[in-house]
Amino acid sequence: MGSLTTPPKLLVVDFNNEELRPGTTTWESTCKEIRHAFENHGCFIALYDKISPQLQKSIFQDNSQQLFELPLERKVLNISEKPYHGYVGQISFLPNHEAFGIDYATTSQGIQTFSNLMWPQGNDSFCESSLMFSKIVAALDNKVVRMLFESYGITKNCESYVESTTYLLRYLKYNTPKTKETSMVFPPHTDKTFTTILYQNHISGLEVQTRDLQWITLEFPPSSFVVMAGEALRNDKIIEVDEELIDEEHPLKFKPFVHLDLIKFFDTERGRRSQNLVEDFCENMDSKNINLPKIDFSHKELKPHTLVWNQVKSQVHKALVEYGCFEASFDKFPISLQKSIFESSQELFDLPSQTKLKSIRTKPFNGYSYSEQLSELDQMIRRMILESLGVENYMDEHMNSTNYLLRLMKYKTPQSSENEMGLSSHTDKSNITILYQNQVNGLQVLTKDGQWINVDPTPDTFIVLIGDSLHAWTNGRMHAPFHRVMMKGNEARYSIGLFTIPKTGYMIKAPKELVDEEHPLLYKPFTHLEFITFSYTEEGMQCESALKTYCDLKPDTLVWNQVKSQVHKALVEYGCFEAYFDKIPINLQKSIFKVSQEIFDLPFTNQT
Ligand SMILES: O=C(O)CCC(=O)C(=O)O
Ligand SMILES: [Fe+2]
């Protein structure tokens, strides 16, 4: 890691040069240089003096200061359906990093929407300067992209690329490090974009890794930019691959894809762990449209110890290990009850909110018969799970350890024709959740390999999901899937969830039969109440998985996984590596050598 060789010099392109116009020789040679820089270092430095000192001040002092000083409640309003496009901060392992994302930043509407959220009273100067800045940088980006397309001889595709591009402006802040040592405030990563253009205040800190794995610290003059190739633009040529780029030597490597899907993939477990994001993502897209397993619970003979029971049990086991979820048909449920549940649910939601509060308290929604009928399904499923794991001796304990919670949910008709997030991605904290919906779809479940699949149940089916509590109790055997609601169309969605919740005070702890060398205990024992209390704290809401953060016995952070794969690679290849580890205080380091020197300096006869 320590570099003995001199770090490579980055290409510097002077975009202020009048000669840099299409058709000139300067243009042509620069196109080649940029391509070369992208292919080898993934970035170059652009001199571009269009940002006036005044605009620079607005961006780095006025705007940044105002933004980062906002109260946290305001900051978190900067949400985006696209991961990492909204507010990012308060992350335990990145304590010094904070960022805001402004999507569609080259349009006044994009900037205005963001500004209205942050400053409801308005902030014209923020809007004006951010828009101006974005437009200037976008112009630079257009030029770079054009040069790149030209260097590959595919200019005809440039227009459509430029048209399909939207810009995200991110304000980033890295707090002053607390020590004098260099500290990593943002782990190594590649950008999920086509190109990223960075502009920074005079504090340097950005490092890039070249293809031969050297890290170069980028020092760039104040009126320059760093232009980086993102994952969507990889050295093996461009993703939306043009025919001209495919030949025998360079067969089509990646399928064309939409950028949003790539970053969504990055937000999944598989994506985050991936060492080769684009490749894994494209492979992922290849998988066919998956349907959740559908399991039939309406057989008359479905009683323990029968053949049907055992058949259904093995289907349940398989589905829950693989997806943590399945579609259940269960006809013990009278159609009339199905209808009435949504009617009364709609009536409830339609009440004025004052009455709504009162009515829920005084005239409880009559969900009793619904819950009672459906708890039968829950108990069958739990019985099957315990049997299939060979821990039926815990049956009574488990059945007696839970209560039921019935929740009615309404998702308003989307305002626009775009997909709207009705409920963001989460795992349930329950043991089991059984969902029923009116005929408006929208539920999506994330598969273990990172694909969102639509779950579109029919009127006589329910969706059964494993929650964190049962996932932990089974020591990870049953998967608790992430799921969310995406709304599209012009109808409101109603859903009803029957949640099987551990009783207050019940300690969720995997049975000893499920813990062995091959299956070490994954989570420390916890009670449901302390766990949900944590999951509603700021930390609980910000982290990837409240369960992992709260009860994990295994480190499983982004940084951990990145370091793990570096360790693995180094040990396979070299059997050794150089480790940075700053937990040993400098004075201890010094004294250890001092002592050792003293020992060696002792006269020979005294040495033992
Ligand atoms: O409305 C739905 O289908 C999903 C609801 C849900 O996931 C929840 O309430 O936890
Ligand atoms: Fe849920």
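Heads up: numbering here begins at 1 and tracks the sequence. Whatever order the structure lists ligands and atoms in, that order sets their numbers, starting from 1. Since this is a predicted model, take the numbers as computed values, not measurements.
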Enquirer: Counting heavy atoms only, which part of D428 comes closer than 4.0 Å to ligand 1: side chain, backbone, both or neither?
Expert: side chain

Enquirer: What do we get for Y436 next to ligand 1 when only non-hydrogen atoms under 4.0 Å count, side chain, backbone, both or neither?
Expert: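 Within the 4.0 Å criterion, Y436 makes no contact with ligand 1.
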
Enquirer: So, does Q437 sit close enough to ligand 1 that a heavy atom of it is under 4.0 Å from the ligand?
Expert: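 Flag not set, Q437 not near ligand 1.
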
Enquirer: Select one of side chain, backbone, both or neither to describe which atoms of L423 lie under 4.0 Å from any atom of ligand 1, heavy atoms only.
Expert: side chain

Enquirer: Taking the inter-plane angle between the rings of W473 and Y394 on a 0 to 90° scale, is it parallel (under 30°), tilted (30 to 60°) or perpendicular (over 60°)?
Expert: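 Perpendicular, since the angle between the ring planes exceeds 60°.
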
Enquirer: Using the rule given for side chain to side chain contact (heavy atoms under 4.5 Å, CB included), can you reason through M409 versus R407, listing the C-alpha separation, both sets of side-chain angles and the distance that settles it, and then say yes or no?
Expert: CA-CA 6 Å; M409 289 156 277; R407 191 158 66 205; 4.1 Å; yes

Enquirer: Which atom pair, heavy atoms only, marks the closest approach of P502 to I508?
Expert: CG-CD1, 3.7 Å

Enquirer: What atoms of ligand 1 come within less than 4.0 Å of a heavy atom belonging to V485?
Expert: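 Close to V485: 1 (O), 2 (C), 4 (C).
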
Enquirer: Closest N/O/S atom of D428 to the Fe ion (ligand 2), by atom name?
Expert: OD1

Enquirer: Counting from 1, what ligand 1 atoms have a heavy atom of H483 closer than 4.0 Å?
Expert: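 Answer for ligand 1: 7 (O).
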
Enquirer: Determine, using heavy atoms of R493 and all atoms of ligand 1, whether some pair is separated by less than 4.0 Å.
Expert: yes

Enquirer: Could you list the atoms of ligand 1 found under 4.0 angstrom from a heavy atom of Y411?
Expert: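 Near Y411, meaning under 4.0 Å from one of its heavy atoms, ligand 1 has 1 (O), 2 (C), 4 (C), 5 (C).
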
Enquirer: Determine whether the side chain, the backbone, both or neither of R407 has a heavy atom under 4.0 Å from any heavy atom of ligand 1.
Expert: side chain

Enquirer: Are the side chain of K429 and the backbone of G467 linked by a donor-acceptor contact shorter than 3.5 Å?
Expert: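 It does not hold such a pair.
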
Enquirer: With a cut-off of 4.0 Å, which atoms of ligand 1 are near a heavy atom of M409?
Expert: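 Counting atoms of ligand 1 from 1, those under 4.0 Å from M409 are 5 (C), 9 (O).
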
Enquirer: Pick from Q437, K412, K410: which one makes a side chain to side chain contact (heavy atoms under 4.5 Å, CB included) with R493?
Expert: Q437

Enquirer: For the side-chain hydrogen bond (donor to acceptor under 3.5 Å, both in side chains) test, which of K548, K509, H471 pairs with Y523?
Expert: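 Among the candidates, only H471 passes.
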
Enquirer: Side chain or backbone of L465 under 4.0 Å from ligand 1, or both, or neither, by non-hydrogen atoms?
Expert: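 The answer is neither; L465 stays 4.0 Å or more away.
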
Enquirer: With respect to F326, which candidate in I463, L292, I381, L465 satisfies the side chain to side chain contact (heavy atoms under 4.5 Å, CB included) definition?
Expert: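 That would be I381; it is the only one of I463, L292, I381, L465 passing the side chain to side chain contact (heavy atoms under 4.5 Å, CB included) with F326.
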
Enquirer: Return the minimal non-hydrogen interatomic distance between D456 and E327, and the atom names on each side.
Expert: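 Nearest pair, atom of D456 first, then E327: O-OE2, 4.4 Å.
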
